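Please read the structure below before turning to the comments.
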Amino acid sequence: PHRVQLAIGNADVSLKITSPSGEEIRLPTEQDPQKAGRYATSFVARESGAYRVTAEVKTPEGDLIEQRESGWVSEPAAEEFVNLQPNRELLTRLAERTGGEVIDMKELEAFASSFENRAVPVSETQTKPWWHRWWIFAAAICLLVVEWGTRRMVGLA
């Protein structure tokens with residue numbers, strides 16, 4: 001990235017970013033409170049390809065002080081494919097924690113043929129409403145009987 005240091009502390013710095021698809025995005029910048037003459041903004045590249053940025057520095061009155069262009073290439077998936085070797089240590093830890101196993105390529109055929117004899121854990125999510133439990137039903141009946149008896153004793157029924 002290119003940096004421009006300005007001696008002017010109250011400049012108006014704006015960026016125009018052109019995405020690989022040709023979309024133009026205008027971004028305002030903010031002055032860095034720690035260092036005079038430094039302006040910053042944030043931008044996340046969402047597309048793969050070449051980006052171009054044009055920075056314009058203007059005085060508070062709107063006069064152009066300087067204009068510069070730069071660019072970069074973004075490839076979000078590149079970090080994922082930097083190393084194509086499997087991370088065996090991570091896979092082994094994951095398998096140990098979840099009850100799985102790491103299989104070598106030479107053991108793959110034997111592993112696949114053992115599927116018929118393996119016990120597969122089955123997990124089911126069951127929901128059972130409170131009113132379907134016998135003790136809730138019994139408590140409701142008891143409360144109704146107590147309320148009816150109380151009303152009869154007090155003379156409200």
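Treat the numbers as computed from the prediction; the structure is a model and nothing was measured.
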#### Entry: Ionic contact status for Arg118 with Glu116, cut-off 4.0 Å
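Salt bridge: no.
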### Query
So, are Asp12 and Lys58 salt-bridged, with charged N and O less than 4.0 Å apart?
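Salt bridge absent between Asp12 and Lys58.
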Can you tell if the side chain of [X] reaches within under 4.5 Å of the side chain of [Y], non-hydrogen atoms only?
X: Leu90; Y: Arg93; result: yes
X: Gln31; Y: Arg38; result: no
X: Arg88; Y: Asp104; result: yes
X: Glu69; Y: Val53; result: no
X: Ile65; Y: Thr59; result: yes
X: Phe137; Y: His132; result: no
X: Thr150; Y: Arg152; result: no
X: Ile17; Y: Trp72; result: yes

### Message
If we count only N and O atoms by modelled type, under 3.5 Å, do the side chains of Glu47 and Ser21 hold a donor and an acceptor together?
### Response
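Result is yes, a qualifying pair exists.
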Report the distance from atom [atom1] of [X] to atom [atom2] of [Y], rounding to the nearest 0.5 Å.
X: Ser70; Y: Arg52; atom1: OG; atom2: CZ; result: 11.0 Å
X: Asp32; Y: Tyr39; atom1: CG; atom2: OH; result: 10.5 Å
X: Thr54; Y: Arg68; atom1: OG1; atom2: CZ; result: 12.5 Å
X: Glu107; Y: Ser114; atom1: CD; atom2: OG; result: 10.5 Å
X: Thr18; Y: Lys16; atom1: OG1; atom2: NZ; result: 5.5 Å
X: Tyr51; Y: Glu23; atom1: OH; atom2: CD; result: 9.0 Å

#### Entry: CZ (Phe43) with more than 12 external heavy atoms under 6.0 Å
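Counting other residues, nucleotides and ligands, CZ of Phe43 exceeds 12 neighbours.
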### Query
Would the number of heavy atoms belonging to other residues, nucleotides or ligands and lying under 6.0 Å from CD of Glu75 be above 12?
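Atom CD in Glu75 is crowded, with more than 12 foreign heavy atoms closer than 6.0 Å.
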How close do [X] and [Y] get, counting heavy atoms only, and between which atoms?
X: Thr29; Y: Val13; value: OG1-O, 2.6 Å
X: Leu94; Y: Thr98; value: O-OG1, 2.8 Å
X: Ser74; Y: Ala45; value: OG-CB, 3.5 Å

### Query
Are Leu144 and Ile136 linked, directly or through other ILVMFWY residues, by side chains that come within less than 4.5 angstrom of each other?
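No, separate clusters.
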### Task
Over 60° means perpendicular and under 30° means parallel, so classify the ring planes of Trp135 and Trp130, tilted if in between.
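Plane angle over 60°, so perpendicular.
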